Amino acid sequence: MADDRLIAALDVPTRGEAEALVARLGDSVAYYKVGMELFYACGGDIVMWLKEQGKKVFLDLKLHDIPNTTAQGLCSLLRLRPDILNVHTAGGLRMMRAAADALHAAAEERGAACPKLIGVTVLTSMDTGDWAGLGHAGTIEDAVLRRARLAREAGLDGVVASPQETALIRRTCGADFLVVTPGIRPAGASRDDQRRVTTPAEAVRAGASHIVVGRAIYAAEDPRAAAEQVLREMEEI
Ligand code: C5P
């Protein structure tokens, strides 16, 4: 039933709500994303609890700092045994390379499985107006592709990108590169604050290795039914 390609975002403020949501979703979801809201509220315990439940975890903390701080920060997260960690590609090639090298070395030294390391390209909530407002001259698409190439060059395992850029990244970075796509809205759902959105089926068709779904599942009246609908839409292709 569960499909590793679906990652449900646990964007809730307390451990109690996270546990209740995981219980409601049961075996329909095998992969969870723990982001800033939950991690800052209850720390690494929630990640270890999810791992004890047999779930996979994408720890989405989007590290963005100088190379040494980012690299050491990632290594401090290794003890939680996440399956995916991420940095922000805006930190540049040297930062991403330091992060990947340090993570691989630390995992080897500890005899631990190395989590996949992916880079956030451009947030899916950004539109062309937001982008231009930051002073960027080129298009978002060009920036996403450039950042995906840099991530691959730095030794990262993949990127987070909008489904609208997924096909291009898949063609450019190859079949093994992870492309994790948030900004997913099942047919007919609200866009909320997201701008570059698409449906589960379109994301998978474009070549996404994983889709991240937040509000469309956790804010649904029946989260399990919502997750099952997403799974059906993914299989439609
Ligand atoms: O509720 P919704 O499905 O829009 O949530 C998307 C999730 O994916 C959020 O947890 C958000 O932090 C995350 N995300 C994103 N865009 C990125 C990276 C992560 O929306 N580029």
Side-chain angles (χ1 to χ4, degrees), residues 5-13 17-18 21-22 25 29 31-42 46-47 50 56-64 82-91 96 116-128 130-131 134 136 140-141 143-148 150-151 156-166 168-169 178-204 206 208-221 223 226-227 229-231 233-234:
R5 292 177 303 170
L6 169 63
I7 303 180
L10 280 176
D11 290 338
V12 292
E17 282 165 86
L21 185 58
V22 171
L25 290 169
V29 174
Y31 221 133
Y32 285 96
K33 183 175 87 70
V34 174
M36 296 180 198
E37 182 178 6
L38 190 57
F39 190 81
Y40 291 159
C42 48
I46 187 67
V47 179
L50 284 164
K56 289 189 170 177
V57 179
F58 167 18
L59 187 50
D60 178 26
L61 299 179
K62 301 185 178 68
L63 277 72
H64 184 184
D83 297 278
I84 302 181
L85 286 171
N86 62 357
V87 296
H88 205 301
T89 59
M96 289 192 275
K116 298 288 185 196
L117 181 62
I118 62 177
V120 177
T121 51
V122 174
L123 296 173
T124 44
S125 55
M126 306 268 304
D127 62 19
T128 48
D130 300 320
W131 190 244
L134 285 172
H136 295 295
I140 292 184
E141 195 179 77
V144 168
L145 200 59
R146 173 181 282 267
R147 291 175 179 200
L150 283 177
L156 266 58
D157 302 293
V159 288
V160 185
S162 126
Q164 291 169 11
E165 293 114 23
T166 295
L168 200 56
I169 297 172
L178 295 179
V179 184
V180 178
T181 62
I184 301 293
R185 293 294 180 271
S190 155
R191 280 199 323 176
D192 304 306
D193 58 348
Q194 297 281 25
R195 291 296 173 265
R196 304 188 337 275
V197 297
T198 195
T199 65
E202 282 163 351
V204 171
S209 46
H210 300 278
I211 64 170
V212 173
V213 185
R215 283 161 285 190
I217 291 180
Y218 72 74
E221 213 164 291
Q229 191 198 327
V230 170
L231 290 167
E233 287 191 33
M234 286 167 77

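Order of listing sets the numbers, starting from 1, for every ligand and every atom in it. The chain is numbered in sequence order, starting from 1. Bear in mind the structure is a predicted one, so any value in this text is a computation, not a measurement.
- Ring geometry, His210 versus Tyr31: the interplanar angle exceeds 60°, so the pair is classed perpendicular (tilted spans 30 to 60°).
- Side-chain atoms of Asp157 come within 3.5 Å of backbone N or O of Leu117 as a donor-acceptor pair.
- Of the protein's non-hydrogen atoms, the one nearest atom 20 (O) of ligand 1 is Gln194 NE2, 2.9 Å.
- Checking side-chain atoms of Asp60 against main-chain N and O of Val34 turns up no donor-acceptor pair under 3.5 Å.
- Using a 4.0 Å cutoff on heavy atoms, Asp192 does not count as a contact of ligand 1.
- Close to ligand 1: Arg185, with a non-hydrogen atom less than 4.0 angstrom away.
- What sits closest to atom 16 (N) of ligand 1 on the protein, heavy atoms only, is Thr124 OG1, 2.8 Å.
- Judged by distance alone, the side chain of Arg195 and the main-chain N or O of Asp127 form no donor-acceptor pair under 3.5 Å.
- Taking a cut-off of under 4.0 Å to the non-hydrogen atoms of Asp11, the atoms of ligand 1 that pass are 9 (C), 10 (O).
- Between Tyr32 and Val22, the closest heavy-atom pair is OH-CA, 3.6 Å.
- In terms of polar-atom proximity, defined here as any N/O pair under 3.5 Å, Arg215 does make such a contact with ligand 1.
- The nearest protein atom to atom 3 (O) of ligand 1, hydrogens excluded, is given as Gly214 N, 2.8 Å; this is a heavy-atom distance.
- Ligand 1 places these atoms under 4.0 Å from at least one heavy atom of Pro182: 8 (O), 14 (N), 15 (C), 16 (N), 17 (C), 18 (C), 19 (C), 20 (O).
- Contact detail for Ala227 and Val29: the closest heavy-atom pair is CB-CG2, 4.1 Å.
- Under 4.0 angstrom from ligand 1, the non-hydrogen atoms of Leu123 come from both its backbone and its side chain.
- No donor-acceptor distance shorter than 3.5 angstrom exists from the side chain of Thr181 to the backbone of Ala208, with no hydrogens or angles considered.
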Quiz item: Checking side-chain contact (heavy atoms from CB on, under 4.5 Å) for the pair Val213/Tyr218: CA distance, chi angles, key distance, verdict?
Solution: CA-CA 9 Å; Val213 185; Tyr218 72 74; over 6 Å; no
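- At a 4.0 Å cut-off, at least one heavy atom of Lys33 sits close enough to ligand 1 to count as contact.
- Residue nearest to atom 12 (O) of ligand 1, selected from Lys62, His88, Arg191, Met36: Lys62 (by heavy-atom distance).
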